[in-house]
**Student:** 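Following this message is one structure expressed as structure tokens.
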Amino acid sequence: MVSTLDEQRAYGGPATHDVTNQAPPLTPYDASEDTALLEGLRREGAGWAEEDLRRLGRQAGSVQAQEWADLAHRHEPELRTHDRYGNRVDEVEFHPSWHHLMRTAIAEGLAASPWADDRAGAHVARTAGGLVWGHTEAGHGCPTSMTYAAVPALRRQPELAKVYEPLLTSREYEPGLRVPTEKRGLLAGMGMTEKQGGSDVRTNTTTATPTSEPGVYTLRGHKWFTSAPMCDVFLVLAQAPGGLSCFLVPRVLPDGTRNTFRIQRLKDKLGNRSNASSEPEFDGTVAWLVGPEGQGVKTIIEMVNCTRLDCVMMSAALMRKSLVEAGHHARHRSAFGARLVDQPLMRNVLADLALESEAATTLTLRLAGAADRAIRGDAQETAFRRIATAVGKYWVTKRGPAFTAEALECLGGNGYVEDSGMPRHYREAPLLSIWEGSGNVNALDVLRALSREPGTAEALFGEFARARGADARLDAAVARLRNRLSGASQTTARRLVEEMALTLQASLLVRYAPPAVADAFCATRLGGDWGYAFGTLPEGADLDAIVDRALPGGN
């Protein structure tokens with residue numbers, strides 16, 4: 001049979017459906033092909049993980065993994081409150097692609113397995129893996145992050161940690177609600193916020209009543225944001241007789257009965273839609289005390305340090321993925337007689353995005369290195385981690401929405417349609433600034449660290465000192481920052497933390513990045529030779545060197 005298009009061609013008619021000047025599919029590609037990432041991995045003590053990281057990068061960029069990501073996003077989780085007989089079950093059902101992503105992430109050590117790994121750099125390797133596997137889909141990073149962060153909090157109650165930690169650190173993914181100790185691997189969630197307080201968790205009204213069994217309580221209350229309700233156990237905050245306290249809540253009790261965990265609804269969110277976020281009600285819910293009564297915030301603070309680092313990591317991964325998509329499009333799309341990537345103005349945009357991405361990746365790995373060394377007892381790195389993680393969480397997650405918007409614009413109208421994947425990245429980006437404390441919460445946390453823990457400022461300036469004399473603009477920024485500390489207040493907190501972040505990123509790039517990258521970053525972010533939007537690098541910036549370093553596969 002002769003097609004209509006063939007007939008048109010035979011008679012000289014228009015071939016209206018010939019596809020030209022469009023980028024081919026990006027997949028398959030290697031998500032680990034990132035020079036800044038690999039250099040940081042080695043520098044921060046996890047070079048031994050490079051072979052596994054490269055293998056994971058190829059898998060992340062495969063046609064199959066990218067299809068999983070798309071399907072998990074398109075087929076959102078569904079809440080099933082009752083079974084066919086009317087029994088309350090409160091289960092969340094996911095598309096098979098979600099389970100494929102989760103199974104891979106956990107098997108690759110992206111959940112809690114580093115806590116069972118004695119090798120120096122184990123936590124760095126996990127963060128690097130997140131930067132690479134983050135090229136797939138962001139939603140499933142929530143339960144893996146919370147599972148990772150639950151372990152140090154749970155260790156405040158050794159008898160509970162002895163039971164649950166081996167299962168939380170397992171690399172086995174076993175979905176479905178069953179008695180936790182009968183499973184090969186567990187996932188942990190958290191339920192901190194309530195509708196009347198949000199980040200102000202001390203205003204929680206959920207109550208915890210002691211039972212006759214030591215350490216066992218019953219909870220009553222309503223949580224506002226409890227992510228990943230399909231998890232096996234949860235760390236939650238509630239008001240005990242001795243004050244706000246932390247508790248472990250299993251979905252299934254040791255005798256096999258369902259604990260009271262009534263999911264009232266799943267949140268209809270802007271992004272992160274593949275992941276379920278819920279409002280559960282507790283009413284006679286059985287819980288085990290974690291840490292002393294009245295020390296709930298102190299108990300979960302290590303958990304917060306871990307999840308805030310993951311927010312930085314996920315933002316950096318989102319930036320990198322968006323940059324790779326934008327660069328791929330620009331290499332294959334032509335306009336006004338030349339490829340987009342060869343147009344000077346587009347090259348300026350890509351180079352500016354590349355600077356931001358490399359700065360975010362380099363800072364993420366430095367924070368991961370500090371966490372790894374702090375966990376192993378390094379006091380100096382503990383102090384640095386305390387302030388630098390809050391600084392990084394504030395700034396890198398703030399840059400994400402503007403970054404993804406600019407990367408989307410590089411694709412023009414092609415980027416505005418769902419099939420491109422760019423709208424998903426754009427909707428995801430704001431979450432990471434909100435999760436684990438909004439910008440204001442993190443800025444105030446930096447002020448708290450400066451006032452209550454003087455060693456944190458010394459640790460931060462000690463980090464700056466490692467690059468002293470290498471760049472005059474950096475030296476001037478450090479001096480300005482030191483002067484600004486004396487007048488720090490809530491009103492100026494955001495400005496202070498922004499300058500801390502830019503100075504820290506610049507100091508790392510001056511020490512570790514090529515001169516073209518470090519010079520352009522210092523000239524723009526510290527020296528003021530920059531506009532208000534991406535793509536405003538100065539005339540003398542070495543755009544070719546920056547772009548060629550950032551984009552995989554050369555020009």
**Student:** Write out all pairs satisfying ring pair (Phe, Tyr, Trp, His ring centres under 6.0 Å) with one or both partners inside residues 250-277, taking only residues at least two apart or from two chains.
**Tutor:** Phe234-Phe261, Phe261-Phe282

**Student:** If only atom types and distance count, is the side chain of Glu453 paired as donor or acceptor with the main-chain N or O of Gly455 below 3.5 Å?
**Tutor:**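 Here the side-chain-to-backbone pair does not exist.
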
**Student:** Any side-chain donor paired with an acceptor under 3.5 Å for Gln239 and Asn204?
**Tutor:** no

**Student:** Any side-chain to backbone donor/acceptor pair from Thr299 onto Gln295? Under 3.5 Å, distance only.
**Tutor:**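 Side chain of Thr299 to backbone of Gln295, a donor-acceptor pair under 3.5 Å: yes, one is there.
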
**Student:** Regarding Arg366 and Glu381, does a basic nitrogen lie under 4.0 Å from an acidic carboxylate oxygen?
**Tutor:** yes

**Student:** Flag the pair Arg220 and Glu281 as a salt bridge only when some basic side-chain nitrogen lies within less than 4.0 angstrom of an acidic carboxylate oxygen.
**Tutor:** no

**Student:** Is it the case that more than 12 heavy atoms not belonging to Glu78 sit under 6.0 Å from its CD atom?
**Tutor:** no

**Student:** For a 4.5 angstrom cut-off between non-hydrogen side-chain atoms, does Ser315 reach Trp395?
**Tutor:** no

**Student:** Hey, does Leu168 have a side-chain heavy atom less than 4.5 Å from the side chain of Leu154?
**Tutor:** yes

**Student:** Evaluate salt bridge (charged side-chain N to carboxylate O under 4.0 Å, His left out) for Asp445 paired with Arg386, printing each intermediate quantity in order.
**Tutor:** CA-CA 10 Å; Asp445 192 39; Arg386 168 67 182 91; 3.0 Å; yes

**Student:** Apply salt bridge (charged side-chain N to carboxylate O under 4.0 Å, His left out) to Glu174 and Lys183, showing your working.
**Tutor:** CA-CA 7 Å; Glu174 190 175 332; Lys183 298 181 70 174; 5.6 Å; no

**Student:** Cut-off 3.5 Å, side chains only: do His140 and Trp68 have a donor facing an acceptor?
**Tutor:** no

**Student:** Between Arg385 and Glu302 (salt bridge meaning N to carboxylate O under 4.0 Å), is one present in this structure?
**Tutor:** yes

**Student:** Tell me whether Glu498 is salt-bridged to Arg494, with the criterion being a basic N under 4.0 Å from an acidic carboxylate O.
**Tutor:**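 Salt bridge flag = no for Arg494 with Glu498.
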
**Student:** Answer yes or no: is there a side-chain heavy-atom contact under 4.5 Å between Asn442 and Arg308?
**Tutor:**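 Sidechains of Arg308 and Asn442: in contact.
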
**Student:** For Ser145 and Thr307, does a side-chain donor sit closer than 3.5 Å to a side-chain acceptor?
**Tutor:** no

**Student:** Tell me which pairs pass ring pair (Phe, Tyr, Trp, His ring centres under 6.0 Å) where either residue lies in residues 175-233, with sequence neighbours left out.
**Tutor:**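 For residues 175-233, and leaving out neighbouring residues, the ring pair (Phe, Tyr, Trp, His ring centres under 6.0 Å) pairs sorted by first residue read Tyr217-Phe247.
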
**Student:** Going through the checks in order, is the salt bridge (charged side-chain N to carboxylate O under 4.0 Å, His left out) test met by Arg251 and Asp90?
**Tutor:** CA-CA 10 Å; Arg251 287 293 314 267; Asp90 296 288; 5.2 Å; no

**Student:** With a 3.5 Å cut-off and sequence neighbours excluded, list the donor-acceptor pairs that the side chains of residues 111-128 form with protein atoms.
**Tutor:**
from: Ser113; atom 1: OG; to: Gly109; atom 2: O; distance (Å): 3.4
from: Trp115; atom 1: NE1; to: Tyr148; atom 2: O; distance (Å): 2.8
from: Asp117; atom 1: OD1; to: Arg119; atom 2: N; distance (Å): 3.0
from: Asp117; atom 1: OD1; to: Arg119; atom 2: NE; distance (Å): 3.1
from: Asp117; atom 1: OD2; to: Arg119; atom 2: NE; distance (Å): 3.3
from: Asp117; atom 1: OD2; to: Arg119; atom 2: NH2; distance (Å): 2.8
from: His123; atom 1: ND1; to: Tyr148; atom 2: OH; distance (Å): 2.7
from: Arg126; atom 1: NE; to: Leu110; atom 2: O; distance (Å): 3.1
from: Arg126; atom 1: NE; to: Ala111; atom 2: O; distance (Å): 3.0
from: Arg126; atom 1: NH1; to: Asp310; atom 2: OD1; distance (Å): 3.0
from: Arg126; atom 1: NH2; to: Leu110; atom 2: O; distance (Å): 3.3
from: Arg126; atom 1: NH2; to: Asp310; atom 2: OD2; distance (Å): 2.8
from: Thr127; atom 1: OG1; to: His123; atom 2: O; distance (Å): 3.1

**Student:** Among all residues two or more places apart in sequence or in another chain, which pass the salt bridge (Lys or Arg N to Asp or Glu O under 4.0 Å) test with Lys162?
**Tutor:**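 Partners of Lys162 by the salt bridge (Lys or Arg N to Asp or Glu O under 4.0 Å) criterion come out as none, since no residue qualifies.
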
**Student:** Verify salt bridge (charged side-chain N to carboxylate O under 4.0 Å, His left out) between Asp200 and Arg202, making sure each step is shown before the conclusion.
**Tutor:** CA-CA 6 Å; Asp200 187 8; Arg202 294 187 186 278; over 6 Å; no

**Student:** Charged N to carboxylate O below 4.0 Å: is that the case for Arg55 and Glu108?
**Tutor:**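 Glu108 and Arg55: salt-bridged.
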
**Student:** Output yes when a side-chain donor or acceptor of Lys269 lies under 3.5 Å from a complementary backbone atom of Asn275, and no otherwise.
**Tutor:** yes

**Student:** Should the pair Glu436-Lys393 be classified as a salt bridge under the 4.0 Å nitrogen-to-oxygen rule?
**Tutor:** no

**Student:** Please say whether more than 12 non-hydrogen atoms of neighbouring residues, nucleotides or ligands are located less than 6.0 Å from CZ in Arg466.
**Tutor:**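 Atom CZ in Arg466 is crowded, with more than 12 foreign heavy atoms closer than 6.0 Å.
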
**Student:** Does one side chain, of Glu293 or Ser245, offer a donor that lies under 3.5 Å from an acceptor on the other?
**Tutor:**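 No, Ser245 and Glu293 have no side-chain donor paired with an acceptor closer than 3.5 Å.
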
**Student:** Identify the two heavy atoms, one from Ala359 and one from Leu509, that lie closest to each other, and give their separation to 0.1 Å.
**Tutor:**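 Heavy atoms only, the tightest pair is CB-CD1, 4.0 Å.
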
**Student:** Taking everything shown except Glu51 itself, do over 12 heavy atoms lie less than 6.0 Å from its CD?
**Tutor:** no

**Student:** Are Glu91 and Arg80 within salt-bridge range, i.e. N to O under 4.0 Å?
**Tutor:**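 Yes, charged N to carboxylate O under 4.0 Å.
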
**Student:** Find out whether Pro430 and Leu270 are in side-chain contact, i.e. whether some heavy atom of one side chain is under 4.5 Å from a heavy atom of the other.
**Tutor:** yes

**Student:** With a 4.5 Å limit on heavy-atom distance, are the side chains of Pro250 and Asp232 in contact?
**Tutor:** no

**Student:** Ignoring hydrogens and angles, tell me if any N or O in the side chain of Thr206 forms a donor-acceptor pair with the backbone of Ala238 under 3.5 Å.
**Tutor:** no

**Student:** Check side-chain contact (heavy atoms from CB on, under 4.5 Å) between Ala276 and all other residues, then give those that pass, not counting sequence neighbours.
**Tutor:** Pro77, Val92, Phe94, Pro229, Leu266

**Student:** Evaluate the side chain to side chain contact (heavy atoms under 4.5 Å, CB included) criterion for residues Glu463 and Leu504: first the C-alpha distance (whole Å), next the side-chain angles of each, then the deciding distance (0.1 Å), finally the verdict.
**Tutor:** CA-CA 8 Å; Glu463 183 76 12; Leu504 179 55; 3.8 Å; yes

**Student:** In plain terms, say whether Arg376 and Asp378 are close enough for a salt bridge, that is, a side-chain N and a carboxylate O under 4.0 Å apart.
**Tutor:** no

**Student:** Determine, stepwise, if the pair Phe461 / Arg482 fulfils side chain to side chain contact (heavy atoms under 4.5 Å, CB included).
**Tutor:** CA-CA 8 Å; Phe461 280 91; Arg482 191 177 289 279; 3.2 Å; yes

**Student:** Working to the nearest 0.5 Å, report the span between OG of Ser357 and CE of Met319.
**Tutor:** 7.5 Å

**Student:** Where do Val252 and Arg178 land on the side chain to side chain contact (heavy atoms under 4.5 Å, CB included) test, with the steps shown first?
**Tutor:** CA-CA 6 Å; Val252 180; Arg178 289 182 290 283; 5.7 Å; no

**Student:** Would you call Arg484 and Arg495 a side-chain contact if the rule is heavy atoms closer than 4.5 Å?
**Tutor:**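 The answer is yes; the side chains approach within 4.5 Å.
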
**Student:** Do the side chains of Leu160 and Val290 get nearer than 4.5 Å, heavy atoms only?
**Tutor:**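 Side-chain contact under 4.5 Å: yes.
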
**Student:** State, yes or no, whether a side-chain contact exists between Glu279 and Lys223 at a heavy-atom distance under 4.5 Å.
**Tutor:**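 No, too far: nothing below the 4.5 Å cut-off.
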
**Student:** Pairs of donor and acceptor atoms involving the side chains of residues 95-102, under 3.5 Å and at least two apart or interchain, shall be tabulated with distances.
**Tutor:**
from: His95; atom 1: ND1; to: Ser97; atom 2: N; distance (Å): 3.0
from: His95; atom 1: ND1; to: Ser97; atom 2: OG; distance (Å): 3.3
from: His99; atom 1: ND1; to: Tyr173; atom 2: OH; distance (Å): 2.7

